[in-house]
A.B. asks: 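Sharing a structure, written as structure tokens. Questions coming.
Chain letters run A, B, ... following the sequence lines, proteins first and then strands; every chain starts at 1.
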Amino acid sequence: MTETRFDPAVADDRWQRAWTDAGTFTADSNSPKPKSYILEMFPYPSGRIHMGHVRNYTMGDVLARYQKMRGFEVLHPMGWDAFGMPAENAAMEKGVHPGGWTRQNIAQMKAQLQRIGFALDWTREFATCDPEYYGHEQALFADLYEAGLVYRKESTVNWDPVDMTVLANEQVIDGKGWRSGAEVEKRKLNQWFLKITDFADDLLEGLGSLEDWPEKVRLMQENWIGKSQGLEFSFDLSDGGKLAVYSTRPDTIFGASFCAIAADHPIAQSLAADPEVAAFIDQCKKGATTAAALETAEKLGYRTPITAKHPFTGADLPVFIANFVLMEYGTGAVMGVPGHDQRDFEFATKYELPILRVVASDPAKADEPFKGEAEAGDGVIVNSDFLNGMSVEDAKQAVITRAESGGWGEGRTVWRLRDWGVSRQRYWGTPIPFIHCDACGVVPVPKDQLPVTLPEDVSFDIPGNPLERHPTWKHVDCPKCGAAARRETDTLDTFVDSSWYFLRFASQPADRPFDPEEVAKWMPVQHYIGGIEHAILHLLYARFWTRALAHIGKISVAEPFAALFTQGMVTHETYSRIDATRGVPVFFGPEEVNRSSEGATLLADGGTVEVGRVIKMSKSKKNVVDPDNIIARHGADAVRWFMLSDSPPERDLPWSDAGIEGCARFVQRLWRLFGQASAGGAGADAEYDKALDRKLHQTVAAVAEDIEALSFNKAVARIYELVGAVEKAPLSSTRSDAIRKLAVLVSPMMPHLAEEARATYGLGTGLVAESAWPDVDPALLVDDEVTIAIQHMGKLRDTVTAPKGASKDALEALALASANLQRSVDGAAIRKIIVVPDRLVNIVT
RNA sequence: GCGGGCGUGGCGGAAUGGUAGACGCCGGGGACUUAAAAUCCCCUGAGCUUUGCUCGUGCGGGUUCGAGUCCCGCCGCCCGUACCA
């Protein structure tokens, strides 16, 4: 046979059409087969598919194709998380409509995904900006309102005083508005909230059932929900009033040396007649609202004339207004224990307040000075009257008991988790379906009037919410009394859109968000794959929506995702030069640079550029590789193979040209091997090659195991080994059989190559994508012989071959017969011999 | 600041507490070729007094017959931190 090359430019398109024509990946909910729902986090349509998407969807694709070969009816859908800020930014910068921009991006990205040959059921595609989708979302939101899970309250936002608009945290840079450069202020707005805290206990409990979630994600969610037992109690104030505080560390109450209240605490407000106090309160309003900004900002306080009486010692503690205390948490006031809380320590140091030790590593160290920081750890209570000698836990209980019997406080379970603020003062999102009437108050839009659609005629030439300033959109009649009323102009957080999309993929009736019976057939998602950056918010919100919908009887599953996998990023080295005049680095893209093993030069002028760290691909660092170019050059299968090779899927994957070229070479190497399928083997028993057959069966079993564990890099390594072994094996029927099965084995990763090889070389009938995974003969999985390590004092001295399952005595004898071992032992008395069957013998002298 | 994770050759990585470096990339040598590409074969952690020995999994301790793996304390980097998605 003349040697040919595999041509992905022809084959990729041919097989993508064949799968579409055959409806290979269209999920049938009425199939009698067991169901498997494979889902990757749907993309935001930013414009182009990037390598991170390719990696994410390749992993899901391998699973989907593999599961299909294992006899499952697979649902593997794709859609678009299409609302969000980038569309509005594009509208501002380019003068386009967010909807048009988004639709164009979707069309482009869909075509890109199709060129990679993903086994997706495109019949279920939708975008969250489809009025049909967000209309159903509005109906669900109204249902949750009816169930008492939606309410309104004041909360703080970032306010740009120049642009007169709310800023997202991302739009606040170093405490300033990204466009205006003005110092950001905190401002209060009346906003919509979802009662996720009603489900705090359920969401925490539920983590225990998520055995196939990464331990780290469960831990992060547990800490985020943050259940803790503490004490709420009141101080008697010098002005005759009371100050309620909450503490998770009542055990340290004897260490309290001050109290601190939030700037918008009623007591602070009551003192605001004093211009100094008013000025301080104003100062506290400066800055952004993020936890990181609040926690790292310099601790500032204003000492009020009021003092608080310590409930045990009777000491008068100064009361401060402080910028690090938030009205939203607990009671908006805290007791300051500088010795055992880092924030309090910094505050006390600045304002020269006593720093008392009430916890020590042991009672003898009750007077040990602090080493420049608070000690938040465990220990024994000291300097604390009746608590002395107790553990931290016992002391907490003792204080709570004493407060409750004394009637001045009580134990309370509190959660770190806060209710979910879903209001956004933006255009490109789901309109919140409510109407404000002066007479009737807040009235939901009747369901037969849904969807509340976004107006098309909006402008983005000035900052702020276009819905707010639209001439007619918000002016409506009250559905209840018919009087003139105002439509809500806030839209929903886009995390709401992504909190139930997996249900809509499973079932898409026109008149309802989903059909519970159809949903029950597919849910929960068997494998959910996406980035670790979603470990908390998206995954917690989706879990909450699922539980909330179950709570109001819409569905019967409690947890949406049976198994979760968080994949790493695709990274690339950076190329830069320092701009001589401005002193800042100027970055260059990989296509502008000639990279050799010694370094890199700029194609434009031949001068050297600095090769920087390997970091996440980003436009600003220009270290982006476009999947389209790579697919055009090497074909989809080489890219897919690269995405799965080398790096474990949960870790970052550094992109390299050498790597993708190696993958493209391997595709051709396999193609050549597939061409040898009919060489030599006539099927006679004499041609049976047991060693090769064993390798084949072991590899099939191991690759299946690796895919199921999503250890794609190990599956890839196994396949390399098998390919090497088949290439080296003499011609035989076993070898031909191995080649045919190899095409099936690699097909989840390299589906186009597998189909083309089967069709060209007659390796089987029908589509590989619709074939069964090869069977494994368990008898061939076990080796007859094993290599035994011979150690002296834990150091390797020799290896010997022994029959599998050899007795301890036999292995001991083999070890002692080793000349290398004897030389090392050098006649010393043997104290002990450790034998690990089929593994090693360790001689201890 | 707080919560979580990661750290192994030149590079990506493999390794139920049991032979550290499988597999791939890069690099070196060779075969084939008029030549190149492609392909194939061999070598490739460091060092040494090289039948073999010593060192070596971010740093410092510890547990163990035996530690990349378990424990304690550090360092560095990454993710999240509630209005980026």
Side-chain angles (χ1 to χ4, degrees), chain A residues 3 5 41 43-44 46 81 83-86 157-158 166-172 191 196 214-217 219-224 226 289-297 324 342-343 346 416-426 493-495 498 531-538 540-541 566 568-569 571 597 613-616 642 645-648 650-654 656 658-659 661-663 665-666 668-669 672 713-714 716-721 724 727 787-799 819-820 823-824 831-834 836 839-845:
Chain A
E3 195 160 289
R5 284 179 65 79
M41 293 179 186
Y44 176 78
S46 56
D81 188 14
F83 277 135
M85 286 206 307
V157 294
N158 303 305
V166 176
L167 296 177
N169 286 334
E170 194 190 48
Q171 298 172 318
V172 178
Q191 307 206 73
I196 190 172
E215 182 65 35
K216 62 176 171 180
V217 175
L219 238 185
M220 278 190 263
Q221 293 214 349
E222 185 181 325
N223 290 335
W224 185 263
T289 58
T290 65
L294 295 169
E295 298 279 346
T296 54
F324 64 92
Q342 186 57 26
R343 287 178 312 182
E346 288 170 31
R416 212 188 74 94
L417 182 69
R418 314 194 310 252
D419 275 336
W420 176 13
V422 292
S423 279
R424 298 292 181 272
Q425 294 72 40
R426 273 186 268 283
D493 179 4
T494 57
F495 273 128
S498 52
I532 184 68
E533 67 273 19
H534 294 295
I536 295 172
L537 293 182
H538 161 59
L540 194 64
Y541 293 148
T566 56
M569 297 176 299
T571 58
S597 53
R613 283 196 313 123
V614 177
I615 56 173
K616 179 179 181 172
F642 182 81
S645 302
D646 296 352
S647 287
E650 68 277 11
R651 273 202 237 172
D652 290 351
L653 170 68
S656 78
E661 279 157 23
C663 292
R665 277 200 299 274
F666 183 62
Q668 298 300 337
R669 184 174 154 200
R672 287 192 297 275
N713 57 321
K714 293 189 220 167
V716 163
R718 301 269 190 193
I719 289 170
Y720 274 117
E721 280 187 55
E727 284 172 336
T787 304
I788 303 293
I790 296 173
Q791 298 180 337
H792 176 215
M793 303 298 285
K795 283 184 187 292
L796 182 71
R797 289 299 176 232
D798 206 351
T799 58
N820 285 348
R823 180 149 22 85
S824 180
R831 289 194 293 132
K832 198 169 166 188
I833 299 180
I834 289 152
V836 182
R839 286 213 89 103
L840 65 75
V841 180
N842 185 17
I843 309 292
V844 183
T845 57

A.B. asks: Tell me what A:Ala292 touches on the nucleic acid: a base, only sugar-phosphate, or nothing, going by heavy atoms under 4.0 Å.
C.D. replies: base
A.B. asks: Which heavy atom of A:Leu537 sits nearest to which heavy atom of A:Trp224, and what is that distance?
C.D. replies: CD2-CZ2, 3.9 Å
A.B. asks: With respect to the phosphate group of B:rA82, does any side-chain polar atom (N or O) of A:Asn169 fall under 4.0 Å of OP1 or OP2?
C.D. replies: yes
A.B. asks: May I ask you to decide if A:Ala535's main-chain N or O and A:Gln221's side chain share a donor-acceptor pair within less than 3.5 Å?
C.D. replies: yes
A.B. asks: Which part of the nucleic acid does A:Thr494 contact within heavy-atom distance under 4.0 Å: base, sugar-phosphate only, or nothing?
C.D. replies: sugar-phosphate
A.B. asks: Within the structure shown, what part of the strands sits under 4.0 Å from A:Ser647 by heavy-atom distance: base, sugar-phosphate, or nothing?
C.D. replies: sugar-phosphate
A.B. asks: Mind checking A:Thr787 for me? I need base, sugar-phosphate or nothing, with any heavy atom below 4.0 Å counting as a touch.
C.D. replies: base
A.B. asks: Taking only the side-chain nitrogens and oxygens of A:Thr290, find out if one of them lies under 4.0 Å from OP1 or OP2 of B:rU81.
C.D. replies: no
A.B. asks: For A:Gly531, answer base if it contacts any base atom (sugar-phosphate contacts may also be present), sugar-phosphate if it contacts only those atoms, and nothing otherwise; contact means non-hydrogen atoms under 4.0 Å.
C.D. replies: nothing
A.B. asks: Can we call the ring centroids of A:Tyr44 and A:Phe83 under 6.0 Å apart?
C.D. replies: no
A.B. asks: Under 4.0 Å from OP1 or OP2 of B:rA14: is there any side-chain N or O of A:Arg651 that close?
C.D. replies: yes
A.B. asks: Using a 4.0 Å heavy-atom cut-off to protein, can you give one letter per nucleotide of nucleotides 40-57 of chain B, 5' to 3': B if the base is in contact, S if only the sugar-phosphate is, - if neither?
C.D. replies: S-----------SSSS--
A.B. asks: Indicate whether OP1 or OP2 belonging to B:rG66 is found under 4.0 Å from a side-chain N or O atom of A:Asn842.
C.D. replies: no
A.B. asks: Please work out if A:Val217 contacts a base, only the sugar-phosphate, or nothing of the nucleic acid, heavy-atom cut-off 4.0 Å.
C.D. replies: nothing
A.B. asks: Determine whether any donor atom in the side chain of A:Glu533 lies under 3.5 Å from an acceptor atom in the base of B:rC84, or the reverse, and answer yes or no.
C.D. replies: no
A.B. asks: Examine the base of B:rG3 for any acceptor or donor lying under 3.5 Å from a partner atom in the side chain of A:Asn223, and report the outcome as yes or no.
C.D. replies: no
A.B. asks: Would B:rG47 be called syn or anti here, given the cut-off of 90° from 0?
C.D. replies: anti
A.B. asks: I'd like to know if A:Arg426 reaches the base of B:rC83 with its side chain such that a donor and an acceptor end up less than 3.5 angstrom apart.
C.D. replies: yes
A.B. asks: Looking at every strand, decide which applies to A:Val166 at a 4.0 Å heavy-atom threshold: base, sugar-phosphate, or nothing.
C.D. replies: base
A.B. asks: Once you apply a heavy-atom cut-off of 4.0 Å, does A:Gln342 come out as touching a base, just sugar-phosphate, or nothing?
C.D. replies: nothing
A.B. asks: Once you apply a heavy-atom cut-off of 4.0 Å, does A:Glu650 come out as touching a base, just sugar-phosphate, or nothing?
C.D. replies: nothing
A.B. asks: B:rA14 phosphate, OP1 or OP2: any side-chain N/O from A:Asn713 under 4.0 angstrom?
C.D. replies: yes
A.B. asks: With a non-hydrogen cut-off below 4.0 angstrom, is A:Gln791 in contact with a base, only sugar-phosphate, or nothing?
C.D. replies: base
A.B. asks: Within the structure shown, what part of the strands sits under 4.0 Å from A:Leu417 by heavy-atom distance: base, sugar-phosphate, or nothing?
C.D. replies: base
A.B. asks: Taking only N and O in the side chain of A:Lys714, is any of them less than 4.0 Å away from OP1 or OP2 of B:rA15?
C.D. replies: yes
A.B. asks: For A:Gln191, answer base if it contacts any base atom (sugar-phosphate contacts may also be present), sugar-phosphate if it contacts only those atoms, and nothing otherwise; contact means non-hydrogen atoms under 4.0 Å.
C.D. replies: base
A.B. asks: Where do A:Pro654 and A:Thr571 come nearest, in terms of heavy atoms and distance?
C.D. replies: CA-OG1, 3.2 Å
A.B. asks: Base, sugar-phosphate, or nothing for A:Phe495, non-hydrogen atoms under 4.0 angstrom?
C.D. replies: base
A.B. asks: Does the side chain of A:Arg418 get closer than 4.0 angstrom to OP1 or OP2 of B:rA82 through an N or O atom?
C.D. replies: no
